[in-house]
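The sequence lines fix the lettering, A, B, ..., with proteins before strands; numbering per chain opens at 1.
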Amino acid sequence: MYNKISEKSYPDAIFVTIYHKEDLFFAVGIYSASEKIVRIFLPTSSREKLYEKISDEFADFKLTDKYLPIVRDIFNLYNGKKVNFNQDILELSINKSEPLKGPVTNEFDLEVLQMVSKIPRGTVKTYKEVAESMNSKAWRAVGSALARNPFPLVIPCHRVVKSDLTLGNYNGGVEMKKELLKKEGVKINGFRVTRT
DNA sequence: TCACTGGCCACCT
DNA sequence: CAGGTGGCCAGTG
């Protein structure tokens, strides 16, 4: 388990839009000061669970429907569809101080997120390959950084697998990781990915 | 400061 | 192939 980022306190309001479809609840958190996404929530099966996750991270937030188009895009991503998602809408800034200005906790995590965001749909990389692409041997730390990914689906951490091509772990559970990869066309037998 | 703790890896049975 | 073990390295408190 990674440290729960509990009761994050931003100096300005966080707006949250929830989208409900096919018995799943999706949400996105937008920072009012920058109008950018600070958090994407993986789907949950109930509204209550989602509220719990949101309030675990944001001491105070306001519900709005303003960002429905964005959450619908995320819903489509979840279903393996091709979506032109503008990465500029992500609040990719570091801030560990109070008050918070961004969701990324350190420089290393940011670099990992940037590398992973380049992995094309329908393909995978290993934790080791991600580390090597940033001239590092810290494969394990890559895993830890992805465990803290504030932007699942948009920054496709589900496309990062272990060196033996078994799936490894995932914040939404390995089953979800497996389904996500299958839906975008990655070949999997059992819990092992096949690459050409 | 320094000992944990991992979305891991390579190498053994 | 499954399971165990020591090693790895950056972040965290």
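For Glu184(A) and Arg159(A), the salt-bridge test passes: some basic side-chain N is under 4.0 Å from an acidic carboxylate O. Looking at Glu52(A) and Arg47(A), no side-chain N of the basic residue comes within less than 4.0 Å of a carboxylate O on the acidic one, giving no salt bridge.
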Fill in the dot-bracket string of DNA chain C, one character per base: . for unpaired, | for a pair to another strand, ( ) or [ ] for pairs within the strand, taking Watson-Crick or G-U pairs under 3.5 Å. .||||||.|||||
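The distance from atom CG of Asn189(A) to atom OG1 of Thr194(A), rounded to the nearest 0.5 Å, is 6.0 Å.
An OP1 or OP2 oxygen of dG7(B) is reached within less than 4.0 angstrom by no side-chain nitrogen or oxygen of Asn171(A). For the pair Ser144(A) and dA10(C), the criterion of a side-chain N or O lying under 4.0 Å from OP1 or OP2 is not met.
If you take CD of Glu132(A) and C1' of dC8(B), they are 13 Å apart, rounded to a whole angstrom. Rounded to an integer number of Å, the gap from CZ of Phe108(A) to P of dT12(C) is 11 Å. Taking atom NZ of Lys177(A) as the reference point, atom P of dC8(B) lies 8 Å away to the nearest angstrom. In this structure, the CG atom of Leu180(A) is 18 Å from the P atom of dG7(B), given to the nearest Å. As a whole-Å value, the separation of Leu165(A) CG from dC8(B) C1' is 14 Å. Taking atom CD1 of residue Ile94(A) and atom C1' of nucleotide dA10(C), one finds them 14 Å apart after rounding to whole Å. One interatomic measurement links the two molecules: CG of Asn169(A) to P of dC9(B), which rounds to 12 Å at whole-angstrom precision. Straight-line distance from the OH atom of Tyr127(A) to the C1' atom of dA10(C): 16 Å, rounded to whole Å.
With dG7(B), dT12(C), dA10(B) as the candidates, the nucleotide lying closest to the side chain of Ser163(A) is dA10(B). Proximity note for Asn106(A) (side chain, C-beta onward) versus dT12(C), dC8(B), dG7(B): the nearest is dT12(C).
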Contact pattern, 5' to 3', of nucleotides 2-9 of chain C - B, S or - by protein heavy atom under 4.0 Å: -----BBS
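Among pairs with a residue in residues 110-123 of chain A, none fulfils side-chain hydrogen bond (donor to acceptor under 3.5 Å, both in side chains), at least two apart in sequence or across chains. A salt bridge (Lys or Arg N to Asp or Glu O under 4.0 Å) check over residues 19-31 of chain A, counting only residues at least two apart or in different chains, returns nothing.
In this pair, Phe58(A) and Phe41(A) present their aromatic rings perpendicular. The plane angle is above 60°, beyond the 30 to 60° band.
Applying the ring pair (Phe, Tyr, Trp, His ring centres under 6.0 Å) criterion to Phe26(A), with sequence neighbours excluded, gives Phe75(A), Tyr78(A). In terms of the ring pair (Phe, Tyr, Trp, His ring centres under 6.0 Å) criterion, residue partners of Phe25(A) (sequence neighbours excluded) are, by chain and number, His20(A).
Within a 6.0 Å sphere centred on CD of Gln87(A), other residues, nucleotides and ligands contribute more than 12 heavy atoms.
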